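Every number for a ligand or one of its atoms is a count from 1 in the order of the listing. Note: hydrogens, waters and symmetry copies are ignored here, and every other heavy atom, side chains too, is used. Remember, it's a predicted structure, so these values are computed and weren't measured experimentally.
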Amino acid sequence: RHQCARSSSVCHAPRARRARTQRRASSARAQGSASSGSSATDSCASDVHFWQHAGLGPWKICDKTALGHESGGEVIAVGEGVTNVKVGDRVAIEPGVPCGKATCNFCLTGQYNLCPTVDFYSVPPMDGTLTRYHVHPAGWLHKVPDSMSYAEIALLEPLSVCLHGTLRAELRLGMPVLITGAGPIGVVQLLCAQASGCSPIVITDLSQERLAFAKGLVPSVHTYTVDTKKEAQETAREIVELFTSVADMGVEVMPAVTMECTGVESSIAVAGYATASAGLVFVIGVGKSHINIPFMEFSTREVSLKFLFRYRDTWPRAIRLVAGGVLDIKRIVTRTFPLEQAKEAVEHSADRSTFSVKTLIIDESD
Ligand code: NAD
Ligand code: ZN
């Protein structure tokens, strides 16, 4: 369905034919499959990492494992007892399926993304969704309006990440916000910050091409090209100078919130130095197991550090945002491949010498 790649992400929006359905946390494991039609998946950095390294962090691939977790498709069959979707529905696939047991405090309290035994499709031992047909628990399929394209359906997954971040970071009207990293997550976060009314917004990256792409998406954003040879404090000072000069209010302006979308140690350090006192560094990026942070900078200026693990309860809201025209998410797709060329799509995503942001894989066969 979709997979994302490090320098670019790929999403795949097949028609719902491939969704496997089963009731959410209920006894009946009704399995429905998505029907014929088309579907889409986009590729994500983690898919590319699994593909290149046969693993990611604690997860190792020991057998054949399908990639992809950003997908949608068309329902082609449903199992017994399934009532929330029917054959012919176009659906988005929420790839993380928690245990739903009464003994699981996280499932019980609605923090289901933190369920310790969540099945995440594409993380071993679960196969991913970049397949022509897929069987999925029905409760974790979300019917979408007819107006939504398969590209948009697949992109609901990265949007869910940034929506969860936007809500947890409490982005607000008129809030100065820094976004570090202009990859797929950074630019989706940029769209969310813009829609939240944040201003001014500055986005950073090493790549001028990615920054130009971000500027094309949101012309009001200000860009800063990171030079890793500079010290974090110097980079942070220049970013604050940029905020101050674009605000042009005769006072220093620092970002109240930094949305960290790289997972890179030096970028987190920059965020720590650049963010206003009593502000928040919200870390979406993931990286090494252990990362050094400028501890006393956070401590003495009461800069909070907060994290995110995927998403919870975001699909319905994300669907309303896209279907309602609030977020034009499909604009982050830079290239589309047919399902038969999924390997080329992942290679394209992984190829740092070729510009890409989000790569979409579409299956239009019946
Ligand atoms: P990506 O690798 O495509 O993009 C990261 C961007 O950061 C790149 O454009 C890169 O040039 C830029 N960058 C690298 N070092 C930088 C620096 N020092 N300063 C500024 N920019 C720098 O990845 P993505 O798909 O956009 O995802 C972003 C991060 O979010 C990744 O770490 C990914 O694993 C993570 N992620 C986390 C979750 C979660 O649940 N926490 C979910 C999805 C993605
Ligand atoms: Zn659970």
**Message:** Can you see whether Ser267 engages Glu260 through a side-chain donor-acceptor pair at a distance of less than 3.5 angstrom?
**Reply:** yes
**Request:** Could you list the atoms of ligand 1 found under 4.0 angstrom from a heavy atom of Gly181?
**Result:** 7 (O), 21 (N)
**Request:** Report yes or no: is the cationic atom of Arg90 (NZ for Lys, CZ for Arg) under 6.0 Å from the centre of the six-membered ring of Tyr150, at an angle within 45° of the ring normal?
**Result:** yes
**Message:** Between ligand 1 and Val226, is the shortest N or O to N or O distance under 3.5 Å?
**Reply:** no
**Prompt:** Looking only at N/O atoms, are Gly263 and ligand 1 under 3.5 Å apart anywhere?
**Reply:** no
**Request:** Taking all heavy atoms of Arg301 and all of Gly272, pick out the closest pair and write down the distance.
**Result:** NH2-O, 2.9 Å
**Message:** Evaluate Ile185 for polar contact with ligand 1, using N/O atom pairs at a separation under 3.5 Å.
**Reply:** yes
**Request:** Would you mind listing which atoms of ligand 1 come within a distance below 4.0 Å of any non-hydrogen atom of Ser266?
**Result:** 18 (N)
**Asked** For Tyr224, which of Leu242, Asp205, Thr180, Ile203 qualifies under side-chain contact (heavy atoms from CB on, under 4.5 Å)?
**Response** Leu242
**Message:** Any nitrogen or oxygen of Val161 lying under 3.5 Å from a nitrogen or oxygen in ligand 1? Just yes or no.
**Reply:** no
**Request:** Check the side chains of Ser207 and Glu209 for a donor-acceptor pair under 3.5 angstrom, ignoring hydrogens and angles.
**Result:** no
**Request:** From the options Ala214, Gly285, Ser267, Gly165, select the one whose nearest heavy atom is closest to atom 29 (C) of ligand 1.
**Result:** Gly285
**Message:** Heavy atom to atom 14 (C) of ligand 1, shortest distance: which of Val283, Asp205, Leu206, Leu211 holds it?
**Reply:** Leu206
**Prompt:** Is there a side-chain contact (heavy atoms from CB on, under 4.5 Å) between His69 and Tyr121 once you walk through the steps?
**Reply:** CA-CA 6 Å; His69 57 271; Tyr121 288 78; 5.6 Å; no
**Request:** Enumerate the atoms of ligand 1 whose separation from the nearest heavy atom of Phe309 is less than 4.0 angstrom.
**Result:** 40 (O)
**Prompt:** Do any nitrogen or oxygen atoms of Leu308 lie less than 3.5 angstrom from nitrogen or oxygen atoms of ligand 1?
**Reply:** yes
**Prompt:** the Zn ion (ligand 2) as vertex, arms to SG of Cys99 and SG of Cys107: angle to 10°?
**Reply:** 110°
**Asked** Taking the six-membered ring for Trp, are His348 and Phe337 parallel (under 30°), tilted (30 to 60°) or perpendicular (over 60°)?
**Response** tilted
**Asked** Going through the checks in order, is the salt bridge (charged side-chain N to carboxylate O under 4.0 Å, His left out) test met by Glu340 and Arg132?
**Response** CA-CA 10 Å; Glu340 291 72 16; Arg132 181 152 281 150; 2.7 Å; yes
**Asked** Which ligand 1 atoms are under 4.0 Å away from a heavy-atom of Arg310?
**Response** 39 (C), 40 (O)
**Phe120, Tyr311, Phe309, Trp140 screened by ring pair (Phe, Tyr, Trp, His ring centres under 6.0 Å) with Tyr112, the one that passes** = Trp140
**Asked** With a cut-off of 4.0 Å, which atoms of ligand 1 are near a heavy atom of Thr204?
**Response** 20 (C)
